[in-house]
Amino acid sequence: MLKVTNTLTGNKEPFTPINPPEVKMYVCGPTVYGDIHIGNARSQVNFDVIRKYLIYSGYKVTYVVNITDIDDKIIKKSIEEKKEAKEIAENYTQAYFKVMEKLGVQKADFHPKATEFIPDMIGLIAGLIEKGHAYVVPSTDLGKDVLFDSTTFKTYGKLSGKNLEELQEGARVEKNEAKKSPIDFVLWKASKPGEPQWDSPWGKGRPGWHIECSTMVRKILGDSIDIHGGGVDLIFPHHENEIAQCEGFTEKPYVKYWLHNGFIEISGQKMSKSLGNIWKAKAALADYRPEVLRYFFLSAHYRSGLNYDQDILEANKRGWEEFNLTFQRVEEALNSPPVDYPMDLLELRLAIDEVEAKFKEAMDDDFNTPKATAALFDLARETRRVLSQTPRVSVGAKSLLGEALDKLNLLGGILGIVTAERVSIPKEVEELAQARVQMKKDRKFKEADEIRAKVMEMGFIIEDVQGGQFRILPKK
RNA sequence: GGCGGCAUACCCAAGUGGUUAAGGGAGCGGUCUGCAAAACCGCGAUUCGGCGGUUCAAAUCCGCCUGCCGCCUCCA
């Protein structure tokens, strides 16, 4: 039984979708005003894993990740770079997809862009005005603003655990004097001359940030959905406001399970522009394999903070490489002719039999990826143990190793920490290594060592195993 | 000030009332080997920030204290 921690209730609760086996899932995607950083990437990877695990568990998932392609930051950037906002948005949208693809994040079923839903947003805003949840105030020469009237939504604050009085007292200096209450938020924003703009009943303007998610969720998935995800920082005000907009209008529950992932910190500090410690996903991918980054992201529970440090990532890298080596070893054994002596396979048999149950148990517990990974490592260790003495194994062992490999591929694939990529060994290296076997037999160790040194220069390591056999590994 | 989270070995990190406190990295010892190895095996917290309490039983529940962090303003 899958359990998930729901921000709305603050509890870990059984996951029972509204209309099983269907699961409607929406995750906040990027605002495309720049290259995404490693924190955005972590969030998307977390939810990618959650999505894949739900599918593995038999749910029929409809997955939506939006692209915010109109907002203040994009406009600011377009002024700075003297480019159209549209061009900025388009460029960074492509950059985003490129990074996601590299990271093995599967495309969502829908990637709606805010600018493609303007008429729907206008419709929702008009509906909110009609229902008395929103009001219009004068703004620029081109149009008026529309604001959500928070006090009309009784349960405002239920997601973030805040209440209206506290919020009003704690509110910072408010710029917009037209607001009835400082915590009212903008649904529609009048444009200034030269800014991107759309026609509306309130003149030329553009949508507020919160309204886009509400609109696209309703348009694509419906009034009530099962899962809505994003980073912890979105709880307030973004997701709080989405609830107010949708439930204010539909009077139906908007989202059943709110899931929020923790932040990545850089050496214990929050990533921020002022600290100058923003770590871009692109830069991370230049230094590390995607599988290593995913392994790192999944090394802590998704709700926890995740501290980045050079040493920590290096340690994760070594851990992943060890895991990855298992695949190569097993494939090597499967592709070699069998030996005819019996092997002790009891431990491996047991490990294969329990890995999937252990993995499920971990993932069913609010997607406990560190624990799930440990289950995979237990099996990987057993396979390596069988292979420790020899690259060639018995027929029985081959059969079990094949089973183990299938399990590791299946489960590791959900986490996205398995790579299909194999380093091909050049024929010349293979031949040199083969020749070295005879040299060793002839006790020409000096020559044998020279071969090893030469192969090393070519980027490969020769490891001797039992029976005069060898194993070739790429140099790291 | 309000709300919330966290504190487990040298490092990362599971564990949320009851067998020997997962897993990974580093370290150490060993195996194999002509040597080497990033290979394999073994070792490693009588103890879970501190102090009290509840309980037959607590890292796990409660209270207080200390320290760190997030949100309350754009942010994954």
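Numbers restart at 1 for each chain; the letters A, B, ... are given by sequence-line order, proteins then strands. Just so it is clear, the model here is predicted, and its values are computed rather than measured.
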Visitor: Does H260(A) reach a base, just sugar-phosphate, or nothing at all? Heavy atoms under 4.0 Å.
Guide: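 It contacts nothing in the nucleic acid.
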Visitor: Under 4.0 Å, counting only non-hydrogen atoms across every strand here, what does M456(A) touch: a base, just sugar-phosphate, or nothing?
Guide: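 Contact class for M456(A): base.
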Visitor: Between R385(A) and C41(B), is there a side-chain N or O to OP1/OP2 distance below 4.0 Å?
Guide: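 Answer is yes, contact under 4.0 Å.
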Visitor: Test the K107(A)-F97(A) pair against the cation-pi criterion, namely NZ or CZ under 6.0 angstrom from the six-membered ring centroid and within 45° of the ring axis.
Guide: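 Here K107(A) passes the 6.0 Å and 45° test against F97(A).
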Visitor: Could you check which of A76(B), C35(B), A39(B) has an atom nearest any side-chain atom of D464(A)?
Guide: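 The nucleotide sitting nearest to the side chain is C35(B).
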Visitor: Regarding I264(A), tell me which of base, sugar-phosphate or nothing describes its non-hydrogen contacts under 4.0 Å with the strands shown.
Guide: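 Base, at least one base heavy atom under 4.0 Å.
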Visitor: Suppose we screen for side-chain contact (heavy atoms from CB on, under 4.5 Å). Which residues come up paired with E354(A), at least two apart in sequence or across chains?
Guide: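 Counting only residues at least two positions away or on another chain, E354(A) forms a side-chain contact (heavy atoms from CB on, under 4.5 Å) with K358(A).
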Visitor: Checking contacts here: which listed nucleotide (C75(B), C71(B), G34(B)) is nearest the side-chain heavy atoms of K162(A)?
Guide: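 The closest nucleotide is C71(B).
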Visitor: Using side chain to side chain donor-acceptor pair (under 3.5 Å) as the criterion, list what pairs up with E212(A), not counting sequence neighbours.
Guide: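 With sequence neighbours excluded, E212(A) shows a side chain to side chain donor-acceptor pair (under 3.5 Å) to N66(A), T68(A), given in chain and number order.
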Visitor: Between A45(B) and C61(B), how far apart are the two P atoms, rounded to whole Å?
Guide: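 One P to the other, the span is 25 Å.
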Visitor: Who are the side-chain contact (heavy atoms from CB on, under 4.5 Å) partners of R381(A), not counting sequence neighbours?
Guide: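 Testing R381(A) for side-chain contact (heavy atoms from CB on, under 4.5 Å), a comparison that skips the adjacent residues, returns D378(A), R385(A).
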Visitor: Here's a test of your reading of the structure: between A300(A) and G230(A), which maps to the more 5' nucleotide of RNA chain B?
Guide: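 Result: A300(A).
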Visitor: Give me the distance, rounded to whole Å, that separates G34(B) from G23(B) when you measure between the P atoms they each carry.
Guide: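 The same atom, P, in both gives a distance of 33 Å.
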Visitor: By the 4.0 Å heavy-atom rule, please label K12(A) as base, sugar-phosphate, or nothing.
Guide: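 The residue K12(A) makes no contact with any strand.
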Visitor: Using the C1' atom in both, what is the distance from C43(B) to A9(B), to the nearest Å?
Guide: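 To the nearest whole Å, 13 Å.
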Visitor: Taking A13(B) as the reference, what is the distance to C28(B) when you measure between their C1' atoms (whole Å, please)?
Guide: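 Straight-line distance between the two C1' atoms is 22 Å.
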Visitor: Provide the distance between the two P atoms, one in G24(B) and one in U31(B), to the nearest whole Å.
Guide: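 Result for the P pair: 23 Å, nearest Å.
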Visitor: Give a yes or no on this: more than 12 heavy atoms of other residues, nucleotides or ligands lie within 6.0 Å of atom NZ of K158(A).
Guide: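 Check passes, neighbour count above 12.
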Visitor: Please measure how far the P atom in G63(B) lies from the corresponding atom in G27(B), and state the result in whole Å.
Guide: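 Roughly 43 Å separates the two P atoms.
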Visitor: For nucleotides G25(B) and U46(B), find the distance between their P atoms and express it as a whole number of Å.
Guide: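 These two P atoms come out 22 Å apart once rounded.
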Visitor: Hey, what are the protein-to-nucleotides 18-27 of chain B N/O distances that come in under 3.5 Å?
Guide:
{"residue": "G24(B)", "atom": "O2'", "partner": "Y295(A)", "partner atom": "OH", "Å": "3.4"}
{"residue": "G25(B)", "atom": "O2'", "partner": "R318(A)", "partner atom": "NH1", "Å": "3.2"}

Visitor: Quick one: side chain to side chain donor-acceptor pair (under 3.5 Å) partners of T383(A), sequence neighbours excluded?
Guide: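 Side chain to side chain donor-acceptor pair (under 3.5 Å) list for T383(A), sorted by chain: empty.
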Visitor: What salt bridge (Lys or Arg N to Asp or Glu O under 4.0 Å) pairs are there with at least one residue in residues 292-315 of chain A, not counting sequence neighbours?
Guide: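 Qualifying pairs, neighbours excluded: D48(A)-R294(A).
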Visitor: Closer than 4.0 Å, any side-chain N/O of S160(A) to the OP1 or OP2 of G2(B)?
Guide: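 Result: no.
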Visitor: For the side chain of R303(A) and the base of C6(B), is some donor closer than 3.5 Å to an acceptor across the two?
Guide: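 Side chain to base: no pair below 3.5 Å.
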